[in-house]
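Notes to accompany the following structure.
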Amino acid sequence: INQQTKWVNWVKSNRFNGSIRNTIHPYYLIYDKAKFNFNNYKKLNDDLQDHNMNCLYVDGEYFSHRIFEMDKELAWVAAYFNELIEYNLINDIAIPKKIIISTSLGTSLFENIAKIKAIFVVTNTIINAHGIKSSIEIETSFNRIDVSPLEKEHHILRLTVACMSSIIAGSIRIKLANHDAIFEENYWKKIACNIPLILKEESYLFIDDDASKGCYIVNQIERMLSESAWTKFKEIEKNGGLCSSSNKKIFQKLKGRRLL
């Protein structure tokens, strides 16, 4: 606690930009609440309540890497998000003005765009239901589960599709590191890490706020995904929410369908 207090005071004394990501990892909520230090979580939130860097972080990537069906993935992200909000409200912890939700993208342009838009729809519905006035930011990463390590050129195209769909759909941030290139040669790593820069400078994707506006297929996928995810989210809540024993068993079965 003392070290945390010193760190918070140091942050407050400097003018930083960015985010301090305070959260309860989904593993602790689903499997082992006893190991999580809730006192530290509450104190950090209280200390940073009015700081511009304070945010609630929702680790959606945890579910991206464990659930194959996209609508079920979003339903569990929504259940996790709702659990975090309810925990904060029950324990008189102020909800930060900024909420960051992470997710991993695959290799389908239309599905990636629709997925991000559906996350906005579902999560905004949840915060509106709670009467919370916070802004939601989505950051994305590349899910390497479907990548073949033998196809270098194709892999670069897959990374490009993920980055492009992230930009088009309105995510605020893309996480792309040199290890996403999955190849040892520096040439490929440099290409992979320069993809966002090339898209920004040469693709004209930033001219329009919503480059996918009016795209029928994206709108249809988004609508179906949002509705299906919301229906499944309500089923999770009906069974007692993210932390209930029955939902733990359901999650364990879903998790077994995808390689980690």
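Throughout, numbering of the chain's residues begins at 1 and tracks the sequence.
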Short side-chain to backbone donor-acceptor contact, Asn82 and Ala78, under 3.5 Å: no
Is there a path of hydrophobic side-chain contacts, each under 4.5 Å between heavy atoms of I, L, V, M, F, W or Y residues, that connects Ile168 with Val121? no
Looking at CG of Asn239 and CD1 of Ile236, how far apart are the two atoms once the value is rounded to the nearest 0.5 Å? 8.5 Å
Donor-acceptor pair, side chain of Ser166 and main chain of Ser171, under 3.5 angstrom: no
Backbone of Pro96 reached by a side-chain donor or acceptor of Ser134 within 3.5 Å: yes
Measure the shortest side-chain to side-chain distance between Lys115 and Ser64 over non-hydrogen atoms and say whether it is less than 4.5 angstrom. yes
Ion pair check, Glu69 and Lys232, cut-off under 4.0 Å: no
Would you say the side chain of Val77 lies within less than 4.5 Å of the side chain of Tyr62, judging by non-hydrogen atoms? no
Measuring from atom OG of Ser165 to atom NZ of Lys117, what distance do you get when rounded to the nearest 0.5 angstrom? 11.5 Å
Does a side chain donor of either Tyr57 or Ser102 reach within less than 3.5 Å of an acceptor in the other side chain? yes
Cys163 and side chain to side chain contact (heavy atoms under 4.5 Å, CB included): which partner among Ile195, Leu105, Asn112? Ile195
Say whether, by atom type as modelled, one donor and one acceptor occur between the side chain of Ser228 and the main chain of Leu225 under 3.5 angstrom. no
Quick one about Ser104 and Ser141 (side-chain donor to acceptor, distance below 3.5 Å, no hydrogens or angles considered), yes or no? yes
Apply side chain to side chain contact (heavy atoms under 4.5 Å, CB included) to residues Thr23 and Tyr80 and explain how you reach the verdict. CA-CA 11 Å; Thr23 190; Tyr80 169 46; 3.2 Å; yes
Return each pair, listed once, that meets salt bridge (Lys or Arg N to Asp or Glu O under 4.0 Å) where at least one residue sits in residues 97-113; pairs must be two or more places apart or across chains. none
Joint cluster assignment, Val161 & Ile198, ILVMFWY side-chain distance < 4.5 Å: no
